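Here is the structure we will look at, set down as structure tokens.
Residue numbering restarts at 1 for every chain, and letters A, B, ... go by the order of the sequence lines. Just so you know, these numbers come straight off a predicted model, no measurement behind them.
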2 protein chains.
Amino acid sequence: MNGNNAENCRTACFHPELVEQVREAMPGEPLQGDLAQLFKVLGDHTRIRILNALYHSELCVCDLTSILGMNQSAVSHQLRVLRDAKIVRSRKLGKNVLYSLDDSHIFDLIRVGFEHVQEGK
Amino acid sequence: MNGNNAENCRTACFHPELVEQVREAMPGEPLQGDLAQLFKVLGDHTRIRILNALYHSELCVCDLTSILGMNQSAVSHQLRVLRDAKIVRSRKLGKNVLYSLDDSHIFDLIRVGFEHVQEGK
DNA sequence: TTATCATATGAGCAGATATTCATATGAACC
DNA sequence: GGTTCATATGAATATCTGCTCATATGATAA
């Protein structure tokens, strides 16, 4: 679309063929937006703690509140964000709502992420 | 540390043993902070586009600027964030600086993330 | 050295977001 | 029905963050 604008350098650095090749290999905008949104939701301290708890067991809001040591409203707000992003599932059980990780991809992302930060020492 | 505070429910919902078990299984605070930080840096539209470009080839700042259609300052700022987070590496080559993904974990995270958002249709 | 090119950085602003407080919903039990 | 308990939600605020503009750095070439 917008090829080489005035910002581009004009000598050895600029590789039009490579640029075009990479452009075509890249996923479409909507998919990239979805991916960024997924990681953005994962990228919060409170939500990561929630996910690490759910990594080990399905839990109700009350137990999560206790584990995190936060007030219930804050936890529920973050659970809503995680649910909207299809990162956790919920099911009702009497008065309670039980939360769990949505699917194996979420387990994988958390595991691989930890491997990376642990290697960085 | 802060066990069952006044916020917790007092009936069928609260499971002290499970809560304690999950607490012990969870990673330490610094590690969880590192993980949240990793995902936070991944969770930005511009940075995801940069990473998707680098997924296919090592690239200089100028080529990235052209691929993204953004001004060079914005791209450099985001590259600094990615470098600080150990998500990309850089090496000098004459006047240029070539960027690439840091290691296989980053490739894995992008791939698994895409699998997840694509399944969600 | 001086000029030029590629990249990096600092300050400032505009938009996004996590928490708190107060309140609403909705199911279970009396 | 009405009450209690577990969870959800709306509004407000304080903090954070990405972009732009201007400028700095650092390497190459003349």
Side-chain angles (χ1 to χ4, degrees), chain A residues 4-15 19 33 36-37 39-51 58-85 88-100, chain B residues 4-15 19 33 36-37 39-51 58-85 88-100:
Chain A
N4 22 2
N5 53 41
E7 291 258 23
N8 299 132
C9 48
R10 297 169 272 300
T11 59
C13 157
F14 186 56
H15 310 100
V19 164
Q37 180 61 24
F39 285 129
K40 175 175 292 181
V41 174
L42 293 175
D44 172 78
H45 189 232
T46 296
R47 290 192 289 264
I48 277 293
R49 289 168 71 215
I50 291 175
L51 296 175
E58 184 183 50
L59 293 165
C60 69
V61 178
C62 158
D63 286 340
L64 280 168
T65 299
S66 170
I67 290 167
L68 301 192
M70 298 180 65
N71 77 54
Q72 176 267 320
S73 176
V75 174
S76 273
H77 274 294
Q78 297 307 332
L79 284 171
R80 186 187 191 336
V81 174
L82 288 167
R83 234 183 324 125
D84 289 349
V88 304
R89 321 181 143 280
S90 65
R91 64 184 181 100
K92 289 206 172 187
L93 189 68
K95 279 191 282 196
N96 304 317
V97 179
L98 298 180
Y99 282 85
S100 56
Chain B
N4 22 0
N5 51 44
E7 290 256 26
N8 299 134
C9 48
R10 296 170 275 302
T11 60
C13 157
F14 187 55
H15 310 99
V19 164
Q37 181 60 25
F39 285 129
K40 176 175 292 182
V41 174
L42 293 175
D44 173 79
H45 190 231
T46 297
R47 290 192 291 264
I48 277 293
R49 290 168 69 214
I50 292 174
L51 296 175
E58 183 183 52
L59 293 165
C60 68
V61 177
C62 158
D63 287 339
L64 279 169
T65 299
S66 170
I67 290 168
L68 301 192
M70 298 180 65
N71 77 55
Q72 176 267 321
S73 176
V75 174
S76 273
H77 274 292
Q78 297 306 332
L79 285 170
R80 184 185 190 341
V81 174
L82 289 166
R83 233 183 325 121
D84 289 350
V88 304
R89 323 180 142 278
S90 65
R91 66 187 180 97
K92 290 206 170 186
L93 189 68
K95 277 191 282 195
N96 303 319
V97 179
L98 299 180
Y99 282 85
S100 55

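- Nucleotide dT9(D) holds its P atom 11 Å from the CD atom of Q72(A), rounded to whole Å.
- Checked by atom type and distance alone, the side chain of R47(B) pairs as donor or acceptor with a backbone atom of V41(B) at under 3.5 Å.
- Atom OH of Y99(B) and atom P of dA6(C) are 15 Å apart (whole Å).
- Checking dT7(D), dG10(D), dG18(D) against every side-chain atom of S73(A), the shortest atom distance belongs to dG10(D).
- When each of dA27(C), dA8(D), dA8(C) is scored by its nearest atom to the side-chain atoms of K92(A), the top-ranked nucleotide is dA27(C).
- Of all non-hydrogen atoms in R83(A) and S90(A), the two that sit nearest each other are CD-OG, 3.5 Å.
- Comparing dT19(C), dC5(C), dT9(C) by their nearest atom to the side chain of M70(A) picks out dT19(C).
- Remark: P of dT7(D) and CG of L79(A) are 10 Å apart, rounded to the nearest angstrom.
- Rounded to whole Å, the distance from CG on N96(B) to C1' on dA6(C) is 6 Å.
- Listed candidates were dA18(C), dG10(C), dA6(C). Nearest to the side chain of K95(B) is dA6(C).
- As rounded to whole Å, 13 Å separates atom C1' of dA6(C) from atom NE2 of H15(A).
- When distances are taken from the side chain of T46(A) to each of dT19(C), dA8(C), dA27(D), the shortest belongs to dT19(C).
- Atom pair N71(A):CG and dT20(C):P shows a separation of 5 Å (rounding to whole Å applied).
- Counting only heavy atoms from C-beta on, Q78(A) has its side chain closest to dT19(C) among dT7(D), dA27(D), dT19(C).
- A residue-by-residue look at K40(A) and G94(A) shows that K40(A) has its nearest nucleotide of DNA chain C further toward the 5' end.
- Ring-to-base geometry does not place H77(B) in a stacked arrangement with dC19(D) (centre distance under 5.5 Å, plane angle under 30° required).
- For the pair R49(B) (side chain) and L68(B) (backbone), a donor-acceptor distance under 3.5 Å is present.
- Considering every non-hydrogen atom in both L64(A) and V75(A), the closest pair reads CB-CG1, 4.2 Å.
- Considering only side-chain atoms of V61(B), the nucleotide from dA8(C), dC19(D), dG26(C) that sits closest is dA8(C).
- As a whole-Å value, the separation of D63(A) CG from dA6(D) C1' is 12 Å.
- Of the candidates L42(B), L51(B), D44(B), F39(A) forms a side-chain contact (heavy atoms from CB on, under 4.5 Å) with just one, namely L42(B).
- Atom CZ of R47(A) is separated from atom P of dT17(C) by 9 Å (rounded to the nearest Å).
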